[in-house]
Amino acid sequence: MKVLIIGSGGREHALAWKITQSSKLDKLYCAPGNAGMARHADCVDIEPDDIGTLCNFARKERVDLTVVGPEKPLVMGIVNRFQSNNFKIFGPTRKAATLEGSKVFSKTLMRKYGIPTAEFRSFNELDHAKRYISSLSRLPVIKADGLAGGKGVIVCKTQEEALDAAENILGKKIFGEAGAKIVVEELLEGEEVSILAFTDGSTIVPLEAAQDHKAVYDGDKGPNTGGMGAYTPVPIVTDELYNTIERDILVPTVHAMNKEGRPYKGILYVGLMLTSAGPKVLEYNVRFGDPETQPLLMRFKGDILPILLNVAKGRLETVDFEWDPRSAVCVVIASRGYPGKYEKGEVIDGLDSLAESDDVVVFHAGTASRQGRIVTNGGRVLGVTALGDDIQEAQKRAYDAIGKISFKGAYYRKDIGSKAVGYARIP
Ligand code: AMP
Ligand code: GLY
């Protein structure tokens, strides 16, 4: 099979690494890919949202399956475009991708179908939003309706901040049309977990739970990022809790999308807050999580390619894979300054000393090749991912590997996975 992966993050590198292990693979392309993906694939310089050019490329190279990493092309309708050309593609259609593309849509859906989530109201008029925010006795979370590059959710620490957020999004239109509406939502407390599931719209195949670390600094301090590290399995998610999540959230969501005439095929990512009143949905994503996919795929034993293909064909009845019982921890090395401004083009040293082993894999995100050297090319640069008999061992292996890698301005959290070992911090 010829496969095309769209995207250039750690998630896409992990997918490329896994797909390369398939006996069914003849040729792998990535658009645009990164320096790490170039080891497994031909990287072609096409941006993920350049749907027309991607479609032409798939036609020219006779690609058998396209796997979409990021949400933007999905929300723009890349799946519809490929399907109308009879090309197989893994991911939801435009109408189904609205689950991530519009928070007003997803919140309204959850309310309609009784899927547990934070209380909310939506607004398109600034005055009304401000009046409502001022009337609240508790601090809210303000969310731009559409895709805002990960910056559209403001967890407010003061009422002032909430009013400013509404003003910036609805009044000053800092996110453009993505901010034509906002959701004002109840702030939830608890631990966050990510649950991902393959689905073809009728069969649901959940993956094991993973936990992301969104905040930039240790101890979950500082602004939110795309994710600074993740681990799996998550001891706090017991079998009983997992069953509840499947019964009360995953199944009703897939069912609701069918009822709404938006059948969902692809990977469904549910971001949950485990509150004292049970698990509640914070967000849906219509794609693999990043970095969660990196530790998840380290533990995924089996051929992922037939699963991706069967989802694309709408035939997920039979799946064949197992979980490595060990734990996996992924620590993201970022460029200092991320999620704000940061430098690019810094030479990365030490990668060669980490010969790829079964237990430690360095997934690339923002990297590029320049004159034979690998340099930084983004905020999140590498995802150093390790397996271990328990979280502590996986953590130690990941941090030992990180000790061998260096570049100017390299920054990483030192406590990834520590929640699973009783909040102990790595010395
Ligand atoms: P989202 O993009 O909707 O996942 O939001 C990004 C992050 O904001 C989440 O991972 C949470 O850390 C936080 N967040 C979103 N909604 C809420 C909420 N209702 N209560 C508390 N934190 C939230
Ligand atoms: N790690 C969070 C996300 O993929 O959205």
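Both ligands and their constituent atoms are indexed starting at 1 by order of listing. Just so it is clear, the structure is predicted and the values come from calculations on it, not from any experiment.
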Please report whether the ring centroid of F321 lies less than 6.0 Å from that of F300.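 Close enough - the centres of the two rings lie under 6.0 Å apart.
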Could you check whether Y342 and Y411 have their ring centres less than 6.0 Å apart?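 No, ring centres 6.0 Å or more apart.
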About how many Å separate CG of L4 and CZ of F82, when rounded to the nearest 0.5 Å?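 The distance works out to 6.0 Å.
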Atoms of ligand 1 close to [X] [distance to a heavy atom under 4.0 angstrom, numbered from 1]:
| X | answer |
| --- | --- |
| M273 | 21 (C), 22 (N) |
| L187 | 20 (N) |
| K143 | 3 (O), 15 (C), 16 (N) |
| E185 | 16 (N), 17 (C), 18 (C), 19 (N) |

In the protein, which heavy atom is nearest to [atom], and how far is it?
| atom | answer |
| --- | --- |
| atom 1 (P) of ligand 1 | E283 OE1, 3.4 Å |
| atom 17 (C) of ligand 1 | L282 CD2, 3.4 Å |
| atom 11 (C) of ligand 1 | E192 OE2, 3.0 Å |
| atom 14 (N) of ligand 1 | V155 CG2, 4.0 Å |

For S22, all residues meeting side-chain hydrogen bond (donor to acceptor under 3.5 Å, both in side chains), sequence neighbours excluded: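 Residues passing side-chain hydrogen bond (donor to acceptor under 3.5 Å, both in side chains) with S22: D303.
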Parallel under 30°, tilted from 30 to 60°, perpendicular over 60°: which one fits the rings of Y113 and H255?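 Ring orientation of Y113 relative to H255: perpendicular.
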Once the angle between the rings of Y132 and F123 is folded into 0 to 90°, is it parallel (under 30°), tilted (30 to 60°) or perpendicular (over 60°)?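 Y132 and F123: tilted rings.
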Heavy atoms only, cut-off 4.0 Å: how does [X] contact ligand 1, side chain, backbone, both, or neither?
| X | result |
| --- | --- |
| N224 | side chain |
| E186 | backbone |
| V141 | side chain |

Close residues, ligand 2: non-hydrogen atom nearer than 4.0 Å: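 Within 4.0 Å of ligand 2, the protein residues are D212, K214, G226, Y269, N285, R287, G289, D290, P291, E292.
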Please determine if L188 has a nitrogen or oxygen closer than 3.5 Å to a nitrogen or oxygen of ligand 1.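 Among all N and O atoms of L188, at least one is under 3.5 Å from an N or O of ligand 1.
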Please verify whether a non-hydrogen atom of K280 lies at under 4.0 Å from ligand 1.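 Flag not set, K280 not near ligand 1.
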Side-chain heavy atoms of [X] within contact of [Y], under 4.5 Å:
| X | Y | result |
| --- | --- | --- |
| Q395 | S418 | yes |
| R11 | L15 | yes |
| M257 | V254 | no |

Where is the tightest heavy-atom contact between T253 and L99, given as atom of each residue plus distance?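 Heavy-atom minimum between the residues: CG2-CD2, 4.1 Å.
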Between the side chains of S327 and Y231, does any donor sit under 3.5 Å from an acceptor?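 No.
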Identified side-chain hydrogen bond (donor to acceptor under 3.5 Å, both in side chains) partner of T232 from the options R299, E208, Q211, E292: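 Result for side-chain hydrogen bond (donor to acceptor under 3.5 Å, both in side chains) with T232: R299.
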